[in-house]
Structures are given as C-alpha cells and as structure tokens.
Amino acid sequence: MGRTDEVRVRIAPAPTGHMHLGNARTALFNWLFARHHGGKFIVRIDDTDLERSSEEAVKAILDALRWLGMDWDEGPEVGGPYGPYIQSQRLDIYREYAKKLVEGGKAYYCYCTKEELDAMREEARKRGRPFKYPGKCRNLTPEERERFEREGRRPTIRLNVEAAWGSREGKIVVHDLVLGDVEFDVKEFDDFIIMKSNGMPVYNFATVVDDYLMRITHVIRASEHLSNTPKQILIYKALGVEPPKFAHVPMVLGSSKGEKLSKRHGAVAVEWYRDQGYLPEAMINFLARLGWSYDDKEEIFTVEELIEKFDLDRVGRSGSVFDINKLNWLNKQYIMMMPLSKRTDAVIPFLERAGLIKREEITPEKRRWLEKIVEAVGDRMTTLADIVDYTYFFFTDEFEYSEEGLRKWLSKEGVPEMLEEVKELLAGVEPFERGEIERALRGYVEGKGLKAIRVFQPIRVAITGKTVGPGLFETIELLGRERTLGRLERAIRFLKGRTENP
RNA sequence: GUCCCCAUCGUCUAGCCUGGUUAGGACACGGGCCUUUCGAGCCCGCGGCACGGGUUCAAAUCCCGUUGGGGACGCCA
C-alpha cells in the first residue's frame with residue numbers, strides 16, 4: 001500500500017444538482033494540493049440524503065470535473081483500494097461502526113420522536129435558551145428500550161459526548177492549516193445524532209468514518225464546515241483514531257454584501273459556463289485565484305504552474321466575490337492564446353448549435369475557409385459563443401441591417417451611388433484577395449477625396465448588416481466576389497426602394 | 001440568541017508573521033493615442049488600509065474594543 005506519508009485528499013460532493021462554482025473551487029484546491037504533493041485525489045459521492053440525490057447529478061458532477069481537467073485517482077468509475085466510493089453503498093460500514101460505538105458506551109439509541117424533539121426545541125425557544133438535547137435516552141434500561149421497540153419506534157443513534165471526550169470540560173481545538181488554532185468549548189455540544197432512524201448515517205458521521213477508512217490526510221473544505229469540525233473531532237475521539245489535518249478555505253461569495261454565491265447572483269453551475277463558451281483553462285485559472293494568490297504580479301497561470309506553485313500557506317482567510325468581469329478578461333486571454341486550428345475546433349460546436357454549419361459537411365476546403373474566418377475574428381471573442389454574432393453573415397444571407405447601421409451609414413446622401421461605384425470597382429479586382437481589395441478601395445477613397453470611414457462603414461453595413469466586425473477587406477475576401485457584389489446590389493435596391501416608396 | 005470566522009481600491013489581491021512602502025499589481029471604470037468599425041495594443045487617470053483606543057520615535061502591519069459582514073447551531077450536506 002502507499003507510503004504512510006502520502007497526501008490523500010478528497011471531495012465529497014452531494015449529488016443534488018449541478019456542480020456549483022464554490023464546490024468546483026474546493027475541488028480545485030484539493031486537486032492542486034494533491035498534485036503538488038504527489039498525493040492522491042479522491043472523489044466520494046455523498047448521497048446519504050436519498051430524497052435529493054440522483055444518478056444524473058452524479059454524472060453532472062463527474063462531467064464537470066472532467067471538463068475542468070481534474071482527474072481523480074480513486075472514486076466512481078475508477079474504483080480504488082478503499083471503495084466503494086459511493087456512500088449509499090457503504091451503509092453496512094456506518095452501521096457497524098455505529099454499533100461499535102454503542103457497544104463501547106460512546107453512543108446510544110435514542111427513541112425520542114421528531115415531534116417530541118420539536119416540542120422541546122419550541123419550549124427552549126420560548127424561554128430564549130439554545131436547544132440542547134438533554135440526554136433523555138442516554139441511560140435507558142433494557143425494559144424501557146423494549147417498550148419503545150414494541151411501540152414501533154425506530155431509534156436514532158446519538159453520540160455520547162461526555163463519554164467520547166472523556167469529560168464534560170475542556171476545549172476542542174481545531175488546528176486549521178489556514179485559520180490557525182480555533183477553539184470550541186465542549187460544553188457547547190449536546191449528544192448529536194450520528195445515525196438517523198431510517199438507518200442512514202448523518203453527514204458528520206459518514207464523513208468521519210469514510211475519511212478515516214480512506215486514509216484521508218488533509219480535509220480541505222469550505223469554511224462553512226468549520227463549525228462541524230469539533231463534532232467530527234468528537235467522533236474521531238469516540239472512534240479512538242487520529243483526525244486528519246484540516247484546512248478551511250474561504251467561501252466563494254456572490255456579491256460585495258458578503259453573501260454566499262447563489263443563483264440570485266447569476267449562473268452558479270459549471271456546466272453553464274461550459275455551454276456559454278468559457279474555456280476550462282480560464283475557469284481553472286480564475287477559480288484558483290479566488291482565495292489564493294502567488295505574488296503581486298502574476299495573473300495568468302497554466303495548470304502546470306498552478307500545480308507547481310499551489311499550497312495552503314498562500315490561501316487567504318476572507319471570502320472572495322465571484323467577479324464575472326475578471327473571468328471574461330481571463331477567458332479572452334486564453335482564447336487569444338489558442339492556436340488557430342484549436343480555436344477553430346473549439347468554435348465549431350457553437351456554430352453548429354446556432355444552425356450555421358453542419359459538422360459532417362465540413363470539407364477540407366470549407367475547413368480552411370472556416371479557419372480564415374476565425375482568424376479574421378481575431379481577438380474579438382470574449383467567449384466562444386461570441387463567434388456566432390461575429391460571423392453569422394458568412395454563413396447565411398438571411399440578415400437584416402442593424403438599426404444603427406441603417407441610420408448612421410446607409411441612410412446618407414449619395415450612399416446608393418457610392419455603393420454602385422464600389423460594386424463596379426470590386427467586380428474588376430484581380431485577384432480577389434484582401435491586399436488587392438484594400439488597394440482598390442483606398443484608391444477609390446483617395447480619388448473621391450472622402451474620409452475612409454464614410455466609404456468603409458456603409459460597405460460594411462451593406463455586406464454584413466452590422467457596424468462592427470472583423471476587418472473589412474478580409475471580410476470581403478472571405479465572402480467572395482459573388483456574394484459581396486450580390487449584397488451590394490441588394491443594399492442598393494433596398495435603399496432605392498425606400499426613397500421611391502417612403 | 002449562542003458559538004465561530006472574517007475585514008487593504010467597486011472586484012481579485014500583494015504588503016501583515018519579522019512595524020519605517022509615494023500602500024504595489026490585475027479586472028472594471030474614465031480619458032488619450034493608434035485605427036475602416038469593434039476588438040486588441042500603448043499611455044494617463046480615478047480609486048483602498050471599516051472605526052476607536054492603546055504600544056512605539058514610527059502602526060495597513062502588534063494589542064484591546066466597537067461596528068459591519070458571514071457561517072454554524074437539523075433524523076441537510
């Protein structure tokens with residue numbers, strides 16, 4: 001088996017929906033930590049809440065991890081020596097450990113019903129006191145137990161905190177790698193439930209049993225779990241085993257108000273960003289910088305650099321707001337760095353989804369043309385999805401003149417006549433490529449003594465419908481002579497039609 | 001309410017441990033240059049140590065308090 005000093009970390013997502021950005025960030029920190037230290041990254045599915053867990057959610061989470069490029073050494077699909085890695089398949093294990101604790105006097109059966117508990121809670125609330133389970137069932141006689149059983153009551157199992165800790169006094173201290181030592185008074189804890197009456201373990205218990213059995217060395221998780229940690233330490237105590245090291249990383253926030261990131265603040269699912277055309281490299285880079293920093297100048301890190309540089313000592317303590325502006329900037333940086341061929345590959349699904357191309361119809365010749373179009377778009381895309389807005393007119397003649405284009409550039413004195421002249425000019429350009437096209441058009445502008453913009457923009461609107469886009473000469477070349485002339489003709493007719501029938 | 005955590009430009013952060021910086025960078029924003037548009041690029045600018053007390057010759061940095069925000073207090077995870 002592995003060296004005893006081998007780093008083993010895990011993420012334990014609950015498959016109740018999509019992969020949340022906050023979870024992705026936690027996963028990333030764990031993954032980077034494992035890779036940096038040459039350890040193991042483990043995925044364990046925390047599906048003990050049967051009601052809310054689903055197969056699809058498991059798949060969504062694994063897909064998101066894969067898309068982001070985080071591979072796991074042990075877990076679903078890959079297995080491993082400490083499996084199974086799905087908690088609902090480990091029920092016997094939890095029951096066995098819970099039973100051991102009961103037998104050792106560290107836990108006990110509790111027959112209090114939900115209703116009774118609620119009543120006690122309500123009572124405590126009325127008197128303005130915090131509710132703590134009073135230990136009613138701590139010392140049940142066999143007869144009492146039998147009576148409850150006969151009544152058909154299904155017991156929960158509670159940890160006997162005093163027995164687990166060995167005293168009613170003292171401080172539970174969490175030696176946190178990010179926050180430092182954090183102390184909790186044992187008195188604050190009541191005998192909390194570790195096994196539900198339906199035989200399922202409670203989060204804190206399943207987590208501890210699995211982390212122990214899976215030889216987890218470092219628990220790196222969001223700081224919202226800090227207050228669970230003393231309870232878990234109590235369970236480790238009861239089990240008589242050493243707890244792992246803990247590191248609570250700051251949460252990902254949704255606004256400067258400091259609230260936890262949620263749907264209210266925008267998209268939180270990793271899948272959404274993928275579908276929107278964000279690159280996994282950009283997401284990784286962005287997520288890594290949320291709560292972690294390397295120095296005072298570097299912003300862009302490749303995955304390799306992150307692995308090399310990441311460690312817990314440079315993780316901050318305060319929460320970080322998810323800022324889509326910065327993500328957008330990063331994403332653009334990564335798109336710009338992509339080699340043309342790769343960028344073309346990346347953009348094809350988006351063109352396809354918009355109904356502009358069909359993958360199976362891409363001949364080598366069409367592929368070359370596509371690459372040229374992507375090249376012409378250059379560094380204008382923020383997300384891959386932007387390709388559609390920048391290029392749809394290359395693929396279809398079905399477009400309208402934008403309001404601004406019409407008003408500002410086409411509806412001007414002499415434009416139809418000018419377009420007519422440009423059309424004739426372009427008809428004779430040989431060869432029909434950007435250099436020659438530019439020379440001809442600039443010659444025209446100069447001959448007329450016009451400002452370039454007053455000629456180029458109307459042409460742009462006439463042939464693309466838009467006021468913004470790739471360079472005009474490339475656009476004309478890529479459109480080809482026939483379509484360019486056709487679109488000029490169409491614009492001329494359109495404009496004449498308007499003046500004749502206002 | 002109780003316990004716990006946090007606090008540097010609007011945002012991400014460096015600096016804090018080991019007091020002395022014009023408190024640095026990046027995104028965003030504003031302006032300029034370049035340019036056929038947009039984008040990119042370049043230049044300039046705006047903007048911050050939550051507050052109050054200490055300690056000290058000197059505090060973003062050390063100590064105490066206040067305020068603000070957040071998290072946890074479930075047979076959710």
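Owing to the predicted nature of the structure, the values given are computational and were not obtained by experimental measurement. Protein chains get the first letters and strands the later ones, always in sequence-line order, with residue 1 at the start of each.
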Over all strands shown, is [X] touching base, sugar-phosphate only, or nothing at heavy-atom distances under 4.0 angstrom?
| X | answer |
| --- | --- |
| His248(A) | nothing |
| Leu290(A) | sugar-phosphate |
| Ser293(A) | sugar-phosphate |
| Arg454(A) | nothing |
| Met251(A) | sugar-phosphate |
| Thr382(A) | nothing |
| Asn325(A) | sugar-phosphate |

For [X], check side chain to side chain contact (heavy atoms under 4.5 Å, CB included) against everything at least two apart and list the hits.
| X | value |
| --- | --- |
| Ser223(A) | His248(A), Met251(A) |
| Asp389(A) | none |
| Lys99(A) | Glu103(A) |

Discussion item. I want to confirm an ordering. Mapping Asn228(A) and Tyr294(A) to their closest nucleotides on RNA chain B, which one lands closer to the 5' end?
Written reply: Tyr294(A)
From the options [options], select the nucleotide whose nearest atom is closest to the side chain of [X].
| X | options | result |
| --- | --- | --- |
| Ser320(A) | rG10(B), rU13(B), rC75(B) | rU13(B) |
| Tyr203(A) | rC75(B), rU37(B), rA77(B) | rA77(B) |
| Asp46(A) | rC75(B), rA40(B), rA77(B) | rA77(B) |
| Tyr390(A) | rC38(B), rA77(B), rU36(B) | rC38(B) |

What's touching nucleotides 3-7 of chain B from the protein side, N or O pairs under 3.5 Å?
unit_1	atom_1	unit_2	atom_2	d
rC3(B)	O2'	Glu188(A)	OE1	2.9

Counterpart residues, salt bridge (charged side-chain N to carboxylate O under 4.0 Å, His left out), relative to [X] (two or more places apart):
| X | answer |
| --- | --- |
| Arg380(A) | none |
| Glu183(A) | none |
| Arg314(A) | none |

Extract from the structure each pairing of a protein N or O with an N or O of nucleotides 23-26 of chain B at less than 3.5 Å, listing the distance.
unit_1	atom_1	unit_2	atom_2	d
rG25(B)	N2	Glu299(A)	OE2	3.1
rA26(B)	O4'	Glu299(A)	OE2	3.4
rA26(B)	N3	Lys326(A)	NZ	3.1

List for me each residue that meets ring-ring contact (aromatic ring centres under 6.0 Å, His included) alongside [X], sequence neighbours excluded, and say none if there are none.
| X | result |
| --- | --- |
| Tyr109(A) | none |
| Tyr212(A) | none |
| Phe205(A) | none |

In the structure shown, which nucleotide is the Watson-Crick or G-U wobble counterpart of [N], with both distances under 3.5 Å?
| N | answer |
| --- | --- |
| rC73(B) | rG1(B) |
| rC27(B) | rG10(B) |
| rU61(B) | none |
| rU56(B) | none |

Worksheet item: When you check the side-chain N and O atoms of Gln457(A) and Arg460(A), is any donor under 3.5 Å from an acceptor?
Response: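 On atom types as modelled, these side chains qualify, holding a pair under 3.5 Å.
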Worksheet item: Should the pair Trp292(A) and Phe310(A) be assigned to parallel (<30°), tilted (30 to 60°) or perpendicular (>60°) ring geometry?
Response: tilted
Fill in: Contact list for RNA chain B against residues 458-480 of chain A - heavy-atom distance below 4.0 Å
Arg460(A), Thr467(A), Val468(A), Gly469(A), Pro470(A), Gly471(A), Leu472(A), Phe473(A)
Worksheet item: OP1, OP2 of rG39(B) versus side-chain N and O of Lys332(A): anything below 4.0 Å?
Response: no
Worksheet item: Can a side chain N or O of Arg314(A) be found less than 4.0 Å away from OP1 or OP2 on rG15(B)?
Response: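 Looking at the OP1 and OP2 atoms of rG15(B), one of them is under 4.0 Å from a side-chain N or O of Arg314(A).
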Fill in: Atom CD of Glu446(A) with >12 non-hydrogen neighbours under 6.0 angstrom
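Incorrect, the count does not exceed 12.
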Item to complete: Check the pair Phe456(A) / Phe473(A) against ring-ring contact (aromatic ring centres under 6.0 Å, His included), numbers first and verdict last.
Response: CA-CA 9 Å; Phe456(A) 295 165; Phe473(A) 316 118; 5.4 Å; yes
